[in-house]
Enquirer: 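I am attaching a structure below and will ask some questions about it afterwards.
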Amino acid sequence: MEETISLKEIFEVIKKRLLMIISITLFAATAAAIISYFFLTPQYENSSQILVNQRNTESGQVTQADVRTNVELINTYSVIIKSPRILDIVIEELNLNMTSSQLADKIQVNSAENSQVVTVTATDPDPVMATNLANATVQVFEREVPSLMNVDNVNILTEAMLPDNPSPVSPNPLLNIAIAVVLGMMVGVGLAFLLEYLDNTFKSEEDIEKHLQLPVLGVVSFISEKDMAQAVSSHTRKKRGKLSGASQKAL
């Protein structure tokens with residue numbers, strides 16, 4: 001029984017503040033749409049891949065130790081790719097007006113577990129620049145890594161290609177609006193319950209009996225001006241009717 005009452009109270013609070021909840025939700029969705037479409041800069045990305053070949057052994061077989069060594073090398077390669085040693089050359093070749101740390105923020109290096117393939121992804125507001133960054137990074141790395149580690153087991157697997165109609169990876173306006181709607185509803189409902197909790201006025205006779213533990217002796221009803229005018233008009237008509245009836249009897 002208590003659960004039913006609690007659910008009813010929750011519904012009443014939401015119903016009471018429904019206009020406020022809807023207003024906050026619409027405001028959040030509108031703000032998210034405006035920010036996504038007019039203020040956030042679209043970001044494009046493109047990827048190139050390099051292949052780390054297995055080293056040839058005397059027996060011609062690859063052992064578990066060789067696999068572990070290659071995986072460790074891939075992790076090392078991932079660090080080297082984003083190092084100033086590589087990125088400074090990329091900046092020089094592409095004539096970029098940025099530092100190596102700024103370029104590193106645009107580069108992501110990933111590799112699947114126990115995979116020999118390393119993916120280099122570049123992100124930039126310009127899709128052409130994103131493609132050039134990805135390709136230049138893997139090309140410089142392939143060219144420089146033999147002198148850095150005295151190895152020659154790295155080759156470019158695939159180069160980034162610029163699509164005919166590139167689409168940005170961010171922002172996602174529909175996703176942002178959906179998140180804003182959910183957050184707006186949560187904030188609106190939370191604010192509704194907060195206002196209800198802070199409201200310590202009595203709304204009904206039951207509130208008085210519940211909180212003050214006192215019986216209700218009488219109720220003063222609220223009468224609006226419209227109701228008052230209607231009551232006065234009705235009373236006036238009745239009074240006139242009585243006077244008219246009395247006059248007719250006197251005659």
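Sequential numbering from 1 along the given sequence is applied to the chain's residues. Bear in mind that the values here come from a model prediction, so they are computed numbers and not experimental data.
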Enquirer: Could you give the side-chain donor-acceptor pairs of residues 80-88 under 3.5 Å, partners two or more places apart or in another chain?
Expert:
residue : atom : partner : partner atom : Å
Lys82   : NZ   : Ala104  : O            : 3.4
Lys82   : NZ   : Ile107  : O            : 3.1
Ser83   : OG   : Ile80   : O            : 2.5
Arg85   : NH1  : Glu144  : OE1          : 3.2
Arg85   : NH2  : Glu144  : OE1          : 3.1

Enquirer: Let's go through Asn46 and Met161 carefully: what are the C-alpha distance in whole Å and the side-chain angles of both, what is the deciding distance for side chain to side chain contact (heavy atoms under 4.5 Å, CB included) to 0.1 Å, and is it a yes or a no?
Expert: CA-CA 8 Å; Asn46 215 331; Met161 301 293 294; 5.6 Å; no
Enquirer: Nearest heavy-atom pair of Val118 and Ser78: which atoms, and what distance?
Expert: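 Scanning both residues completely, I find the closest heavy atoms to be CG1-OG, 4.5 Å.
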Enquirer: Should we count CE of Met186 as having more than 12 external heavy atoms under 6.0 Å?
Expert: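 No.
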Enquirer: How would you list, by chain and number, every residue that makes a side chain to side chain contact (heavy atoms under 4.5 Å, CB included) with Asn135, sequence neighbours excluded?
Expert: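 Checked Asn135 against side chain to side chain contact (heavy atoms under 4.5 Å, CB included); matches are Ser48, Thr131, Gln139, Glu159, Ala160.
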Enquirer: Does Phe193, at its CZ atom, have more than 12 non-hydrogen atoms belonging to other residues, nucleotides or ligands within less than 6.0 Å?
Expert: yes
Enquirer: Taking side chain as C-beta onward, heavy atoms only, is Arg143 less than 4.5 Å from Ile89?
Expert: yes
Enquirer: Is the shortest heavy-atom distance from the side chain of Leu133 to the side chain of Leu103 under 4.5 Å?
Expert: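 Result yes, sub-4.5 Å side-chain heavy-atom pair found.
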Enquirer: Looking at every non-hydrogen atom in both residues, tell me the closest pair between Pro42 and Pro171 and how far apart they are.
Expert: CA-CD, 3.8 Å
Enquirer: State whether the number of non-hydrogen atoms from other residues, nucleotides or ligands found under 6.0 Å of Met98 atom CE is greater than 12.
Expert: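 Counting neighbours around CE of Met98, more than 12 heavy atoms of other residues, nucleotides or ligands fall under 6.0 Å, so yes.
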Enquirer: Using a strict 4.0 Å threshold on nitrogen-to-oxygen distance, state whether Arg17 and Glu12 make a salt bridge.
Expert: no
Enquirer: Which pairs with one or both residues in residues 115-169 pass ring-ring contact (aromatic ring centres under 6.0 Å, His included), sequence neighbours excluded?
Expert: Tyr77-Phe141
Enquirer: Consider only side-chain N and O atoms of Gln43 and Ser170, and report whether a donor and an acceptor are under 3.5 Å apart.
Expert: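 Distance-only check fails for Gln43 and Ser170.
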Enquirer: Considering all heavy atoms of both residues, which atom of Tyr44 and which atom of Pro166 are nearest to each other, and what is their separation?
Expert: CE2-O, 3.7 Å
Enquirer: Begin with the C-alpha distance, continue with both residues' side-chain angles, and end with the deciding distance and a verdict on side chain to side chain contact (heavy atoms under 4.5 Å, CB included) for Thr121 and Thr119.
Expert: CA-CA 6 Å; Thr121 303; Thr119 302; 3.8 Å; yes
Enquirer: Are Leu51 and Val140 co-members of a hydrophobic cluster defined by side-chain heavy atoms under 4.5 Å apart?
Expert: no
Enquirer: Does Lys106 offer a backbone N or O that forms a donor-acceptor pair with the side chain of Asp124 under 3.5 Å?
Expert: no
Enquirer: Just do the side chain to side chain contact (heavy atoms under 4.5 Å, CB included) check on Leu96 and Met129 with the steps written out, would you?
Expert: CA-CA 10 Å; Leu96 302 176; Met129 179 57 67; 3.8 Å; yes
